Q: 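After the C-alpha cells below, expect a handful of questions from me.
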Amino acid sequence: LFLLQERYVCAVTRDALGNSVPCAVLRSSGAVVTQECVEKLIKKDMIDPVTGDKLSDKDIIFLQRGGTGFASCGVELNARESRPVMQ
C-alpha cells in the first residue's frame, strides 16, 4: 500500500500547503497554518494551538503567495521603462 504524503502541511489541521493556499505564521511558535485555520479556529480564542500562548493580532503574520516561476502567476506585471530589445 503506497501512501502519498504532502511535503508541507498546516501545523494544526494537517491540510496540504502550496502556492494556491493562503497561509499565516504564528509568531510565538513559528508554526505555519492555513488562513482558513486562522479564521475558523485561532481567532475565536486567540491562543496558539501549538504552544498554548496568548496571541494578539500582530502575532499572526499573513504570508504573501509566491509565483510558480511562470510569467503569468496571477500578478499583473508592468514595465517601468521601455527599452529597445534585440530581435
Side-chain angles (χ1 to χ4, degrees):
L1 181 67
F2 177 72
L3 296 175
L4 180 66
Q5 292 185 354
E6 298 294 333
R7 185 170 181 180
Y8 302 107
V9 294
C10 173
V12 177
T13 63
R14 299 291 184 216
D15 291 338
L17 301 178
N19 285 341
S20 62
V21 180
C23 300
V25 175
L26 304 178
R27 188 185 305 252
S28 59
S29 64
V32 177
V33 295
T34 61
Q35 189 170 342
E36 182 181 10
C37 177
V38 171
E39 299 298 328
K40 291 185 177 180
L41 302 174
I42 297 173
K43 282 209 172 181
K44 289 181 182 178
D45 300 325
M46 292 302 284
I47 294 175
D48 188 330
V50 177
T51 62
D53 295 340
K54 187 79 174 150
L55 295 173
S56 67
D57 286 333
K58 69 176 185 173
D59 291 330
I60 301 171
I61 304 165
F62 291 98
L63 301 177
Q64 183 176 358
R65 291 187 283 179
T68 61
F70 292 99
S72 65
C73 66
V75 178
E76 186 177 333
L77 300 175
N78 293 320
R80 292 189 184 130
E81 295 179 15
S82 177
R83 297 184 191 170
V85 293
M86 293 179 53
Q87 292 184 0

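Keep in mind that this is a model prediction, so the values were computed, not measured.
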Q: Are F62 and V33 linked, directly or through other ILVMFWY residues, by side chains that come within less than 4.5 angstrom of each other?
A: yes

Q: Residues in salt bridge (Lys or Arg N to Asp or Glu O under 4.0 Å) with D59, at least two apart?
A: R27

Q: Using a cut-off of 6.0 Å, state whether more than 12 heavy atoms not belonging to Q35 lie near its atom CD.
A: yes

Q: Out of curiosity, L26 CG to C37 SG, how far, rounded to the nearest 0.5 Å?
A: 7.5 Å

Q: If you group Ile, Leu, Val, Met, Phe, Trp and Tyr by side-chain heavy-atom gaps below 4.5 Å, do V25 and Y8 land in one group?
A: yes

Q: How many angstroms lie between atom CG of L17 and atom CZ of R7, to the nearest 0.5 angstrom?
A: 12.5 Å

Q: Do the side chains of M46 and V38 join up, straight or via other hydrophobic residues, at under 4.5 Å, putting them in one cluster?
A: yes

Q: Residues in salt bridge (Lys or Arg N to Asp or Glu O under 4.0 Å) with E39, at least two apart?
A: none

Q: Locate the shortest heavy-atom distance separating A16 from V21; write the atom from each residue and the value.
A: O-CG2, 3.8 Å

Q: To the nearest 0.5 angstrom, please state how far the CG atom of L55 sits from the CD1 atom of I42.
A: 7.0 Å

Q: Does a donor on one side chain and an acceptor on the other come within less than 3.5 Å for D48 and S28?
A: yes

